[in-house]
Amino acid sequence: MKDGLEERAPIGARFFARPSEIVAPALLGALIITEIDGFRTAGRIVETEAYVGPSDEASHAAGRIGQTARNAVMFGEPGVAYVYRSYGIHWCLNVVTNERGFPAAVLIRAIEPVSGIETMRRRRALPPDAPDPAVGRGPGNLTRALGITGALDGHRLDQPPLIIARDSAIPQSAIAAGPRIGISRATDWPLRFWVRGNAAVSRNRS
DNA sequence: GAAACGATTATCT
DNA sequence: GATAATCGTTTCA
């Protein structure tokens, strides 16, 4: 497929070797590109959440939990995908941040479709009249649209089949922050970031 | 081995 | 806004 994404340079690992509360807003506007089952799909990140480390009680790697089989890649190299099963049903995509040994990550909560939208719609099995921004709205929905599964847990994000690349920068004035969603601890930490007013943001898009 | 709990979503009212 | 669906991961006995 000729979509102009063939030569898009991946973001280097150094970008991710910073605190997740820095990486999370910096990822807004970046592209996620997958080549799965023979189809290229791509979306622009418009919503993220930071999980900042062992002191973060809402994190899968909170200090009271420690390292387990599920969260192991959070303890490893930055710039790697952490993919986990949510509610036994959905896959959720994170990017590991900070340095090896310090468990932190950024959850990707929403994308707006950029390329391969027909493939994404087929994977989602959406009704034909569903608007485009609904295709990648929500962490479980975007992984399904992009074809991401647990097979990509631990995958480096600078090579196929799953790449994150820089694209349009989002002006600071267009980035909004607020409390994270769907958690029961540390609910007052403003670690959710989104592109203000973007239709693909999952909730409270103001 | 058993039980509780979700970093959610779809489908109601 | 409220709730059911649904099952992997973790924790506890």
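To find a chain, count down the sequence lines: A is the first, B the second, and so on, and within it residues start at 1.
By the stacking rule of 5.5 Å between ring centres and under 30° between planes, A/Tyr87 stacks on the base of B/dG6.
Backbone-only contact: A/Asn141 has heavy atoms under 4.0 Å from sugar-phosphate atoms and none from a base. No engagement by A/Arg180 is indicated, since no non-hydrogen atom pair under 4.0 Å with the nucleic acid exists. In this structure, A/Arg192 reaches neither bases nor backbone, as no heavy-atom distance under 4.0 Å exists between it and the strands shown.
Listed candidates were B/dA7, C/dT10, B/dG6. Nearest to the side chain of A/Ser184 is B/dG6. Here the side chain of A/Cys92 is nearest to one of B/dT8, C/dT10, B/dG6, namely B/dT8. Of the listed nucleotides (B/dT8, C/dT10, C/dG8), B/dT8 has the atom at the smallest distance from the side chain of A/Pro139.
Between A/Tyr51 and A/His60, the ring center distance fails the sub-6.0 Å criterion.
Taking only side-chain nitrogens and oxygens, A/Arg70 comes nearer than 4.0 Å to OP1 or OP2 of C/dT10. Distances shown here put every side-chain N or O of A/Ser86 at or beyond 4.0 Å from the OP1 or OP2 atom of B/dG6. Of the side-chain N and O atoms in A/Arg124, none sit less than 4.0 angstrom from OP1 or OP2 of B/dT9. Contact between the side-chain N/O atoms of A/His90 and the OP1/OP2 oxygens of B/dT9 is not found at any separation under 4.0 Å.
Side-chain contact between A/Asn141 and A/Val135 is absent, with no heavy atoms from C-beta onward closer than 4.5 Å.
Going from atom CD1 of A/Ile65 over to atom C1' of B/dA7 covers 11 Å, rounded to whole Å. In this structure, the OH atom of A/Tyr82 is 9 Å from the C1' atom of B/dA7, given to the nearest Å. One atom, CD1 of A/Ile89, and another, P of B/dA7, lie 13 Å apart when rounded to the nearest Å. Distance A/Asn94 CG to B/dT8 P: 11 Å, rounded to the nearest Å. If you measure from atom CZ of A/Arg203 to atom P of B/dA7, you get 14 Å, rounded to the nearest angstrom. Taking atom CH2 of A/Trp91 as the reference point, atom P of B/dA7 lies 15 Å away to the nearest angstrom. As rounded to whole Å, 17 Å separates atom P of B/dT9 from atom CZ of A/Arg123. One atom, CG of A/Asn71, and another, C1' of C/dT9, lie 10 Å apart when rounded to the nearest Å.
Pairing for B/dT11 goes to C/dA2, judged as Watson-Crick or G-U wobble with the two contacts each under 3.5 Å.
The cationic atom of A/Arg85 (NZ for Lys, CZ for Arg) lies less than 6.0 Å from the six-membered ring centre of A/Trp91 and within 45° of the ring axis. The cationic atom of A/Arg18 (NZ for Lys, CZ for Arg) does not lie both less than 6.0 Å from the six-membered ring centre of A/Phe16 and within 45° of the ring axis. A cation-pi contact links A/Arg122 to A/Phe39, judged by a cut-off of 6.0 Å to the six-membered ring centre and 45° from its axis.
The existence of a salt bridge linking A/Arg100 and A/Glu77 is confirmed by a sub-4.0 Å separation between a basic side-chain nitrogen and an acidic carboxylate oxygen.
In this model, a side-chain donor or acceptor of A/Tyr84 finds a partner on the base of B/dA7 within 3.5 Å.
If you find the closest nucleotide of DNA chain B to A/Leu126 and to A/Ile183, the one lying nearer the 5' end belongs to A/Ile183.
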